[in-house]
Amino acid sequence: YIRGYLEETYGKESLTVDGLKVTTTLDWKLQEVAEKAAAEQAAKNEKEWNASNTAIIALDPKTGQILAMVGSRNYLDTDIDGQFNVTTANRQPGSSFKPIVYARAFEKGFRLETVVFDVPTQFTPSCGPFSRESSASGCYAPDNYDGKFIGPVSLRSALGQSRNIPAVQLLYMVGLPDALQAAKQLGITTLDKSSDRYGLTLVLGGGETSLLEMTSVYGVFANDGVRVPPTGILKIEDLNGKVLEEYKPNPGEQVISANAARMVSSVLSDNIARTPLFGANSQLHFGDRPVAAKSGTTNDNKDAWLIGYSPDIAVGVWSGNNDNKPMKKGSSISIP
């Protein structure tokens with residue numbers, strides 16, 4: 001990742017003849033913990049879930065500094081295409097994208113107590129209000145992960161339980177252009193097509209982005225709505241010791257209101273809101289520790305995400321296969 005930055009900024013010769021001295025932001029102890037976790041969990045997932053790889057990234061939300069980056073479970077493993085950095089690869093984020101839309105809704109005046117309706121819904125008027133078709137013909141009637149519909153539900157409960165129908169309703173009310181603008185403000189650079197290209201599936205992870213960018217987005221929630229762009233470098237010196245660039249504290253930019261960020265954090269750290277679907281003692285229950293977290297799984301079971309944060313650290317985990325082979329169905333494999 002750093003070599004790519006050096007080559008892009010200073011040219012190819014910077015890697016071979018310029019003798020640059022680079023000090024990165026990596027926290028080596030944390031990096032070792034992350035590498036160990038990725039290797040151990042990916043080995044379990046391969047046996048139990050047909051998911052051969054895991055990637056992990058950790059950021060400091062207040063500084064944007066990358067504290068740990070594990071691009072794959074083993075750089076030298078050719079069987080899983082180990083020399084590939086999944087943290088910067090474009091993948092579908094599944095339901096981990098939902099908080100972006102909720103944050104924009106909160107800025108528009110929606111409240112945690114606002115009620116939406118988790119009922120069978122056909123979002124394409126031309127297909128008829130009671131049609132359950134959802135196909136390439138243009139009809140769209142999504143289901144929830146558990147296959148159930150629970151009726152009137154508050155936004156707190158809808159996001160806590162990751163209900164799909166309320167999320168699509170909310171995107172419809174927020175508006176696709178506004179949601180894409182929110183994603184851009186929060187740091188997503190990959191959703192650069194028109195809103196028609198994504199449609200209402202956007203809120204369920206229908207557009208691609210990277211684990212690095214999504215973890216940085218959650219860092220904005222952790223930092224009361226202030227975005228500090230990710231950085232991996234503290235200092236670069238040339239052969240003679242001249243400083244070419246050096247990290248300087250960045251106050252960041254208030255890209256969403258502090259209140260909207262806190263509302264998202266309130267839900268993602270609310271175990272009671274999650275309980276009806278996940279149970280009171282799920283893997284997402286972190287006890288008394290101030291941790292907010294959201295999982296995400298794509299419909300085709302090719303990507304499983306977990307992004308969590310406290311005020312001091314944001315951590316993103318991806319599990320799956322580099323070659324896009326589907327896993328067994330299960331959204332929890334990135335949580336451990």
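Note: hydrogens, waters and symmetry copies are ignored here, and every other heavy atom, side chains too, is used.
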**Prompt:** For residues Y145 and S95, is any side-chain donor paired with an opposing acceptor at under 3.5 Å?
**Reply:**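 Per modelled atom types, Y145 and S95 side chains form no pair under 3.5 Å.
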
**Fill in**
The complete set of ring-ring contact (aromatic ring centres under 6.0 Å, His included) pairs with one or both residues in residues 185-212, sequence neighbours excluded, reads none

Which donor-acceptor pairs under 3.5 Å do the side chains of residues 277-291 make with protein atoms, sequence neighbours left out?
residue: S282; atom: OG; partner: L284; partner atom: N; Å: 3.2
residue: H285; atom: ND1; partner: N271; partner atom: ND2; Å: 3.4
residue: R289; atom: NE; partner: F286; partner atom: O; Å: 3.2

Does anything in [range] form a salt bridge (charged side-chain N to carboxylate O under 4.0 Å, His left out)? List the pairs, not counting sequence neighbours.
{"range": "residues 92-101", "value": "none"}
{"range": "residues 64-78", "value": "E46-R73, R73-D77"}
{"range": "residues 1-15", "value": "none"}

**Request:** Could you work out the complete set of other residues in the hydrophobic cluster of W28, with links drawn between I, L, V, M, F, W and Y side chains under 4.5 Å apart?
**Result:** L26

**Request:** List, by chain and number, the other hydrophobic cluster members for L76, where Ile, Leu, Val, Met, Phe, Trp and Tyr join if side-chain heavy atoms come within less than 4.5 Å, directly or indirectly.
**Result:** Y75

**Request:** Run the salt-bridge test on E107 and R104 with the 4.0 Å N-O cut-off and return the result as yes or no.
**Result:**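 Counted as a salt bridge, because a side-chain N and a carboxylate O are separated by less than 4.0 Å.
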
**Item:** Pair K148 + D143: basic N to acidic O under 4.0 Å
**Value:**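 D143 and K148: not salt-bridged.
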
**Prompt:** Under the ring-ring contact (aromatic ring centres under 6.0 Å, His included) test, which residues partner F221, sequence neighbours left out?
**Reply:** Y218

Applying side chain to side chain donor-acceptor pair (under 3.5 Å), name anything that partners [X], two or more places apart in sequence or on another chain.
{"X": "N53", "answer": "N322"}
{"X": "S266", "answer": "R156"}
{"X": "T298", "answer": "D300"}

Acceptor/donor pairs from residues 56-66 side chains to any protein atom, 3.5 angstrom cut, sequence neighbours excluded:
residue: D60; atom: OD1; partner: K62; partner atom: N; Å: 2.9
residue: K62; atom: NZ; partner: P311; partner atom: O; Å: 2.7
residue: K62; atom: NZ; partner: D312; partner atom: OD1; Å: 3.4
residue: T63; atom: OG1; partner: Q65; partner atom: N; Å: 3.2

**Prompt:** Hey, what do you get for CE (M214) to OG1 (T87), rounding to the nearest 0.5 Å?
**Reply:**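 It is 14.0 Å, given to the nearest 0.5 Å.
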
